[in-house]
Amino acid sequence: MKRIAKLGLVAAALAAVWGTALADITVGVVVSATGPAASLGIPEKNTVALMPQTMGGQKVNYVILDDASDTTAAVSNTRKLVSENKADIIIGSSTTPNSLAMIDVVSESKTPMITLGASARIIEPMDDKKKWVFKVPQNDSMMAGAIADHMAKSGVKTVGFIGFNDAYGEGWLQEFKKAAEAKGIKMVATEAFSRTDTSVTGQALKIMGAKPDAVLVAGSGTPAALPEKTLKERGYKGKYYQTHGVANADFLRVGGKDVEGTLLPAGPVLVAHQLPDSHPVKKTAMAYVDGYEAKFGKGSAATFGGHSWDAGKVLEAAVPAALKKAQPGTPEFRAALRDALEQTKGVAGAHGVFTMSPTDHLGIQNGVVMVKIENGTWKYQP
């Protein structure tokens, strides 16, 4: 009996040790730190330094890989993080096409993923694959609605559209068509261009020939400046709109005087210090901006880095619940983490307040403001 009792005490002690000495949590990060989408990926990569180093009392290891804005590289990086690094979760990638390509890998390995890509297509419609994917950037449908609403209030009746010839531009075209129709705005020209194009003169001339009241450029990063610069050079005098995909200093630098007066929807973080004190994410948005600029220099904070920070905040909220069910580095922990992410509620980030559910893997509220480019900077539009 004494021997049995002693064995019981040993087992209890081992259980206690296991409960307090779990393995480190491994977070795999895939971003486009080089290539055409580098203006998105660099601040996303930099922001990892500001993300929690411990979650639920456990150390967090971040493994960051650059996909060079290439879809194939995004997939191979994800496979490496899952198979070699035994990542418990993947964050990334920076663009919609890369994020879409990564879904097969994370679903096959049953590894949760928080995408930094913008399109709703990454998480919708929900199925057995996409149930492993969560999203922190605002859906293009939300942003398209904000643009159409602003256009209608500004007297815009007709609009020309030019977007990337990939999933980002295609998603925006689909969503903006619906939003424009709802506001009685007619689309009179639709054009496309590549992220790597050096000229869009032909597309610009076709848009100008349709004489729209406004033009929407559906691109991201610095490549999105090209259509607007070309239209300005050709003398187009109508209103210019961009998507939230251009909300960083590099776009302002490349666009220069040609993007003055441009309007766009953005996350609150872009104008954090200009928000009214009553805004529900002013405090957390300012915390991100101030923390980033303290480390990387004044004026360096970018909305895209805020998405990484939001991913970290949502993950931090979910980890404690997952740790109650399993140990990091195991399939059970990955499954528990997916379930916990689906139950996160009221997490305030840089771009909004996140409340996930089994049917909504974004769940963002208070996540859109309108912004105007004035004097080479962002100006909040109440």
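- Residues Ser220 and Arg195 bring a donor and an acceptor atom of their side chains to less than 3.5 Å of each other.
- Remark: the Lys135 side chain and the Asn139 side chain contain an N/O donor-acceptor pair separated by less than 3.5 Å.
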Given Asp277 and Lys282, is the side-chain contact (heavy atoms from CB on, under 4.5 Å) satisfied, shown in steps? CA-CA 7 Å; Asp277 291 341; Lys282 180 173 184 175; 2.8 Å; yes
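- Val159 and Val259 end up in different hydrophobic clusters when Ile, Leu, Val, Met, Phe, Trp and Tyr side chains are linked at under 4.5 Å.
- Atom CD of Gln138 is separated from atom CG of Asp140 by 10.5 Å, given to the nearest 0.5 angstrom.
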Working note: Asn165 + Phe193, criterion side-chain contact (heavy atoms from CB on, under 4.5 Å); need CA distance, chi angles, decisive distance, verdict. CA-CA 5 Å; Asn165 61 351; Phe193 71 110; over 6 Å; no
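- Clustering ILVMFWY residues whenever any of their side-chain heavy atoms sit less than 4.5 angstrom apart, transitively, puts Leu116 in the very cluster that holds Met143.
- No hydrogens or angles considered: nothing links the side chains of Gln242 and Thr262 as a donor-acceptor pair under 3.5 Å.
- Defined by atom type and a distance below 3.5 Å, a donor-acceptor pair is missing between the side-chain atoms of Asp250 and Thr222.
- The salt bridge (charged side-chain N to carboxylate O under 4.0 Å, His left out) test applied to Asp258 returns Lys229, not counting sequence neighbours.
- A side-chain donor-acceptor contact under 3.5 Å links Asn61 and Asp24.
- Linking Ile, Leu, Val, Met, Phe, Trp and Tyr whenever their side-chain heavy atoms come within less than 4.5 Å puts Val63 and Phe333 in one cluster.
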Show, in sequence, the C-alpha distance, side-chain angles and deciding distance for Thr243 and Leu264, and conclude whether the side-chain contact (heavy atoms from CB on, under 4.5 Å) test is met. CA-CA 6 Å; Thr243 73; Leu264 63 144; over 6 Å; no
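- Hydrophobic clustering of Ile, Leu, Val, Met, Phe, Trp and Tyr side chains at less than 4.5 Å, counting indirect connections, unites Ile373 with Val271.
- We find that Lys257 and Glu260 are not joined by a salt bridge, their nearest charged nitrogen and carboxylate oxygen being 4.0 Å or further apart.
- Of the N and O atoms on the side chains of Thr115 and Ser99, at least one donor lies less than 3.5 Å from an acceptor on the other residue.
- Neither Tyr288 nor Leu275 shares a network with the other; the hydrophobic side chains, linked directly or stepwise wherever heavy atoms of I, L, V, M, F, W or Y lie under 4.5 Å apart, form separate groups for each.
- The neighbour count for Lys239 NZ, taken as heavy atoms of other residues, nucleotides or ligands under 6.0 Å away, does not exceed 12.
- Summarising the local packing, NZ of Lys372 is surrounded by 12 or fewer heavy atoms from other residues, nucleotides or ligands at distances under 6.0 Å.
- Side-chain atoms of Tyr62 and Thr26 include no donor-acceptor pair closer than 3.5 Å.
- Nearest heavy atom pair, residue Pro268 against residue Gly367, reads CD-O, 3.6 Å.
- A salt bridge links Arg79 with Glu108: the distance from a Lys NZ or Arg NE/NH1/NH2 to an Asp or Glu carboxylate oxygen falls below 4.0 Å.
- Under a 4.0 Å N-O distance rule, the pair Arg338/Glu342 qualifies as a salt bridge.
- Heavy-atom neighbours of Asp127 CG from other residues, nucleotides or ligands within 6.0 Å: above the threshold of 12.
- Ring geometry, His244 versus Trp172: the interplanar angle falls from 30° to 60°, so the pair is classed tilted.
- Shortest non-hydrogen contact noted between Ile122 and Val133 is CG2-CG1, 3.8 Å.
- Nearest approach of Val314 to Leu341, heavy atoms of both residues: CG1-CD2, 3.8 Å.
- Between the side chains of Asn366 and His351, not a single donor N or O lies within less than 3.5 Å of an accepting N or O.
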For Thr201 and Arg234: C-alpha separation, side-chain torsions, deciding distance, then whether side-chain contact (heavy atoms from CB on, under 4.5 Å) applies. CA-CA 9 Å; Thr201 300; Arg234 295 288 171 171; 3.3 Å; yes
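- By the 30° and 60° cut-offs, the orientation of the rings of Tyr236 relative to Tyr240 is perpendicular.
- A salt bridge does not link Glu181 to Lys186: none of the charged nitrogens lies less than 4.0 Å from a carboxylate oxygen.
- Pairs engaging residues 86-140 under the ring pair (Phe, Tyr, Trp, His ring centres under 6.0 Å) rule: Phe134-His361 [sequence neighbours left out].
- Nearest heavy-atom pair, Tyr241 versus Ile147, reported as atom, atom and distance to 0.1 Å: CD2-CG2, 3.8 Å.
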